[in-house]
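Right, one structure below, let's go through it.
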Amino acid sequence: MTPQNTGRPQTKLSLRLFKVVMLSACFIGIVLSTIQIIFDAYNSGHAIDTEAKQMLSMVRDPATRAAYRIEEEMAVEVLEGLFEIESIQYAAIVHPDQKPLAEMSRPFSKSRYRRISDQIFDRSRIYRTPLTAEEPYPDYFGDIVIHIDTAYYGRNFIRRGIVIMLSGLVRAATMALLLYLIYSLILTRPLNRMIRNLSKIDPEHPGKEQLPYLKGHRNNELGLWVRTANQLLRAIERNFNLRQKAEAQILKLSQYDYLTRLPNQRTLQKHLRRLIKNNSKQPQRFAILCIGPDHFTEINAQYNFHTGDHLLVKLADRLRDIAGNGVYTSRLGGDQFCMVQPLEQPAEAAELAQKILRDLGKPFDTVKESITIEASIGISVFPDDGHCVEELLQQAEAAMLLAKSRRNLRYQFYIASLDQEIRERKKLEADLHHAVDHDELHLVFQPQVKFSDHARIIGAEALLRWTHPEKGLVSPDIFIPLAENSRDIIAIGDWVLETGCRQLHDWQQQGYRDIVLAVNLSAIQLQDDELPDRVAQLLKKYDIAPHTLELEITETSLINDVERSCRQLRAIKDIGVKLALDDFGTGYSSLSYLKRFPFDKVKIDRSFVDGLPENSENNVIVNAIIQLGKSFKMTVLAEGVETLQQEQYLTCQECDEGQGYYYSKPVSPDAFESMIRDQNREYGNG
Ligand code: C2E
Ligand code: MG
Ligand code: MG
């Protein structure tokens, strides 16, 4: 409790006030009384003189007569008369020669006051008056002398003085008391009440309750005080609230990401540390899922940062919805998010990852555009993969990067061998950068056949091969994602297009005019605005009929920016080049793609052809794709045909074309050329 609330200081103040007032009043009382006493002393002195003169004048005549007649008896009588008056101590009638005719005296009064009064009036006062005859004979007969004992006057004077002093003091004290009472009634008590009211104010909410006005004091200074205090309390409350809000805001900013309102990396690390600490009391396995949208930098470049930010906010909202109870969601920074999921079994992490990928695959409506993204997820598991927060996070991130670089793998659990793999991938990515310049790339060609024409080769798909100086042949499934990641795919893709066109030109020169060459295009290439012009330029340069070139695009390349993809494909289509939708069925298999985009051909992914005709599930899918393609008047090609049974089944289902090891693996240009040469010879012979 603060000292103001004890009630004691007010008492102290009153006491002090009382003392000051009392002492001041007493001092003033003493001073005034002293002045009055001094004045009285002055008056008393005068009174002694006046009385003495009156006495002398009273006895002057008889004394003159006694002196004139020189009658001692008479003189004594006169003196005896005078001695009736108590204050006369000595009296004498003297001759002109100063010899006394008669004299009388008595002892001085033994008054106890005289020690003081003698100081003021002297011990005795002597008065003398000459005894003379009346006019016209003013003869001098001697003097009458009296000595006045001042003790009698002094006693009265001192008694009066005491009364004056005491009454003065009592008066002053009474006034002081009265003043004190008035003061305490008008000021101290209301002040005490105000202090009591003030002490009831809740310091946490000073503005919540107002101080009440004291009765009768609304319009005076006390009322003003209460009003001002109330204003002050309200202002304090306001400032307090503002400060609290600001503090909460600062705390939130330091713990949460400003954009998505999700906990930031620091808060996530704290959360993980707590989980790991609690693990000693109550063992709990948990998974860390590192989630990152693919090609986010391109999305930012393609639209603008505002759209990118908006997309991140929407993405965070969706992750929050997916997470539900028990799963902790946070933003790691940049375009990466993290979820912490308590686990019974590691399989639960895979289920969550699949759910996230499914939900993130639905289009996001940002301010202007509808954007569809793909994401990759890396997963590390505590305590299996490590016990250190930083290590677990790094592992999850590394696993995510690996997932990003792999085509058909959208989520990846951390495994110890991953670190080495990631390092190798980075090295591979760096090596790939020089592959074009170092002449390490070449194309192989896989024939495509027409079922209705006895499986005659009608074209080929150009497939890229990279011969690494140390590792030898590297699969495009490994290096194409790396090239996409580093954007080297633009240069590499251009090399493929040019080499393919040159090869097609050679074949056409040799008379194989109807051969159609299919070239794969990456999603990154599709974003390049110069692509249609480049294609037209190559067709012109190598004098190729546009319809003999076919560009293959996977479904997933289209979804990043549907509008732009559509524009690009139409521009290419306008040149006369054919378009094929590659790997159909592995992406979103959306009807709207078939409807919106100007495809001439749809290629059934080889995973559906696999197991035909036994696999009934694949039967259904393949049939559906063939029907769908037909209804859109597209040519349908089946990839990965490996057996006669598959070919027979596909032919039965009226699939138009096929491609696969059953006919040929991808081969060198010379081998392909000899294949068509042989075929032509055969047909020619036939
Ligand atoms: P894709 O475009 O779907 O190419 C077909 C892939 O299936 C080729 O693999 C081919 O060798 C393989 N294949 C063909 N028939 C069969 C079969 O009967 N059985 C099996 N098991 N596989 C068969 P490859 O050459 O390894 O290429 C893999 C992927 O790499 C391609 O898939 C394509 O997406 C990509 N790719 C290849 N070359 C290029 C290129 O020049 N540019 C781009 N952007 N991507 C390319
Ligand atoms: Mg292809
Ligand atoms: Mg394919």
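Counting convention: from 1, in listed order, for ligands and their atoms alike. Computed from a prediction, not measured in an experiment: that's the story for all the values here.
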Quick note on ligand 1: atoms under 4.0 Å from a heavy atom of Val641 include exactly 18 (O)
So the atoms of ligand 1 within less than 4.0 Å of a heavy atom of Glu642 turn out to be 17 (C), 18 (O), 19 (N), 20 (C), 21 (N)
I'd like to check whether [X] has a polar contact with ligand 1, where a contact means an N/O of the residue lying under 3.5 Å from an N/O of the ligand.
{"X": "Leu464", "answer": "yes"}
{"X": "Glu639", "answer": "yes"}
{"X": "Glu461", "answer": "yes"}
{"X": "Gln525", "answer": "no"}
{"X": "Gln659", "answer": "no"}

Out of curiosity, is Pro666 lining ligand 1, as in a heavy atom under 4.0 Å away?
yes
**Item:** Lys665 near ligand 1 by a heavy-atom separation under 4.0 Å
**Value:** no
Checking the side chain of [X] only, and the main-chain atoms of [Y] only, is there a donor and an acceptor separated by less than 3.5 Å?
{"X": "Gln395", "Y": "Asp385", "answer": "yes"}
{"X": "His468", "Y": "Glu470", "answer": "yes"}
{"X": "Asp582", "Y": "Thr554", "answer": "no"}
{"X": "Arg318", "Y": "Asp359", "answer": "yes"}
{"X": "Ser380", "Y": "Leu392", "answer": "yes"}
{"X": "Asp453", "Y": "Arg456", "answer": "no"}

Looking at Glu461, the N, O or S atom sitting nearest the Mg ion (ligand 2) is OE2
Quiz item: Would you call Glu429-Arg425 a salt bridge at under 4.0 Å N-O?
Solution: no
So the protein N/O/S atoms within less than 2.8 Å of the Mg ion (ligand 3) come down to Asp582 OD1, Asp583 OD1, Glu639 OE1, Glu639 OE2
Return the option from [options] holding the heavy atom at the smallest distance from [atom].
{"atom": "atom 27 (O) of ligand 1", "options": "Pro476, Gly658, Ala483, Ala518", "result": "Pro476"}
{"atom": "atom 29 (C) of ligand 1", "options": "Thr643, Asp610, Asp582, Asp477", "result": "Asp477"}
{"atom": "atom 15 (N) of ligand 1", "options": "Glu552, Glu484, Gln446", "result": "Gln446"}

Contact region, Val496 to ligand 1, non-hydrogen atoms below 4.0 Å, reads side chain
Short version for Val519: what comes under 4.0 Å of ligand 1, heavy atoms counted, is neither
In Lys603, Lys578, Lys601, the residue satisfying salt bridge (Lys or Arg N to Asp or Glu O under 4.0 Å) with Glu552 is Lys603
Can you tell me if [X] and [Y] form a side-chain donor-acceptor pair at under 3.5 Å?
{"X": "Tyr542", "Y": "Gln508", "answer": "no"}
{"X": "Gln446", "Y": "Glu461", "answer": "no"}
{"X": "Asp605", "Y": "Ser607", "answer": "yes"}

So CD of Gln527 and NE2 of His295: to nearest 0.5 Å the spacing works out to 7.5 Å
Sorted by chain and residue number, the side-chain contact (heavy atoms from CB on, under 4.5 Å) partners of Leu259 (sequence neighbours excluded) come out as Asp257, Asp309, Leu312, Val313, Arg331
